[in-house]
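Just so it is clear, the model here is predicted, and its values are computed rather than measured. In this chain, residues are counted from 1 in sequence order.
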Amino acid sequence: MKKHLILFVIIINIGISCASKAQTTNTKTSLADSKATVETKIVYKNLVTIVNKGILFGHQDDLAYGVNWKYEARRSDVKDVTGDYPAVYGWDLSGLEKKSDKNIDGVPFDKMRQYIIDGHSRGGLITLSWHVDNPLTGKNAWDTTPKSLVSALPGGKNHEKFKSWMDEVAKFILTLKDKNGKTIPILFRPYHELTGTWFWWCKNNASPEEFKTLWKFTFDYFQAKGIHNLIYVYNTADFKSKEDFLEYYPGSNYADVLSFDNYQFNDPTKDNSFVENCQRQFKIMNEIAQEQNKIMAFAETGYEAIPYDKWWTNTLMKAIGDFKISYVLVWRNHGWKEDEKKMHYYAPYKGQVSEKDFVDFYNLDQILFEKEAAKEKLYNK
């Protein structure tokens, strides 16, 4: 009887040990860049943890300009409304490839560098996208001339030119340093919305293997340049299935965050498709994230001019639902677009119809702006 009891205890202990190992394995997360800086590893580890506490709110070009203003020190439409800055700042690198002094949105890179340093110093996170020009034609990112992507690949007719473009981006990223001279951790989101059809790197312009080659080359090239402060964000537009999402995916060793972009276009009081599509996509992406031990993000979203006064709490929150995502970012507040004769903004400003609801959104326990992000000490061990 005693022998049986001892054997039973041993079996139970082995079972507990195996279960513990399985649990540890299933929750293990690590950066794709094995040489990532200590600071970048800390940020990523804290992002993994923060999804259980809340969602970081982000805004594109937040510090540079807003509706009816530009380049006013420490100003932000988001701060004007809530008294707080976003927790995530989005910026775009397009223009660096041509050695321009300003980006695609007209933001001088010298100012952008300082905005990035300022946001980081307060405890905010930085995410960078790159609407890189077409390497084949030299036109903008929306030029979808066939074979454009292939021309940028090793052996392609424009590969050397593309490398020179990447050199300019690398130079800029390496200048993004904190007060101690350490490179600032960056959420880097290249070749975004790849399942769409509107950019030269989208799926209509290359095979899955060609796109994966471009992604992996970018990853390896930046590492060879000594860049180890990037957290790589894989980003799609719409997708219908797990297979759709993974078709062009370079693999778990080349990406750290899974994300998609989705915008509101129809009146949410009459059409619930935005919420339904987001929920469908989050469900698919969540399954992949669980399998690959990745975190998720809603990398771009918004409702242009936000005509629905309850969009934040009654639409966006429903679109996210109960899914645990690291951050959600809305697009920029350009203001009046003369060429299109309309207003173009995605976060409210003082007096905007959704201002009160945005404050209610700000006050939700699960939504984190910069003050809360700073309390979470994303940059601390």
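A ring-centre distance under 6.0 Å is found for F298 and F282. Proximity of the aromatic rings of Y346 and H59 is defined here by a centroid distance below 6.0 angstrom, and this criterion is not met.
N134 and N140 share no side-chain donor-acceptor pair at under 3.5 Å. Side-chain atoms of R113 and T175 form a donor-acceptor pair, as typed in the model, at a separation below 3.5 Å.
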>> What verdict does the salt bridge (Lys or Arg N to Asp or Glu O under 4.0 Å) test give for D133 and K98, after you've listed the backbone C-alpha separation in whole Å, the side-chain angles of each residue and the deciding distance to 0.1 Å?
In response: CA-CA 9 Å; D133 282 353; K98 299 293 182 65; 3.0 Å; yes

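Under 4.0 Å is where a charged nitrogen must lie from a carboxylate oxygen, and between K53 and E372 no such pair does. Under 4.0 Å is where a charged nitrogen must lie from a carboxylate oxygen, and between D77 and K79 no such pair does.
In this pair, W130 and F162 present their aromatic rings parallel. The plane angle is below 30°, not in the 30 to 60° band. Relative orientation of the F199 and H192 rings is tilted, given thresholds of 30° and 60° on the angle between their planes.
Taking all atoms of both residues into account, the shortest heavy-atom contact from A237 to T195 is N-OG1, 2.8 Å. For the pair W200 and D143, the tightest heavy-atom approach, listed with the atom from each and the gap, is CB-O, 3.3 Å. For the residue pair G124 and Y89, the shortest heavy atom distance occurs at CA-CE1, 4.3 Å. Across every non-hydrogen atom of E97 and W165, the tightest pair is O-CD1, 3.1 Å. Scanning both residues, Y308 and N314, for their nearest heavy atoms gives OH-ND2, 2.9 Å.
More than 12 non-hydrogen atoms from other residues, nucleotides or ligands lie less than 6.0 angstrom from NZ of K163. More than 12 heavy atoms of other residues, nucleotides or ligands lie within 6.0 Å of CG in D267, so this atom counts as buried by the packing criterion. When the shell of 6.0 Å around NZ of K377 is examined, it contains 12 or fewer heavy atoms from other residues, nucleotides or ligands.
The residue from F274, Y263, W311, W331 that alone fulfils the side chain to side chain contact (heavy atoms under 4.5 Å, CB included) condition with Y303 is W311. The residue from R75, E72, K70, R332 that alone fulfils the side-chain hydrogen bond (donor to acceptor under 3.5 Å, both in side chains) condition with Y65 is R332.
For the pair K203 and F211, the cation-pi test (distance below 6.0 Å, angle within 45°) is failed.
T137 contributes a side-chain N or O that, together with a main-chain N or O of K139, makes up a donor-acceptor pair within less than 3.5 Å. Side-chain N or O atoms of D256 include none that pairs as donor or acceptor with a backbone N or O of K294 at under 3.5 Å. Checking side-chain atoms of N229 against main-chain N and O of I186 turns up no donor-acceptor pair under 3.5 Å. When atom types are taken as modelled, the side chain of D357 and the backbone of W312 share a donor-acceptor pair closer than 3.5 angstrom.
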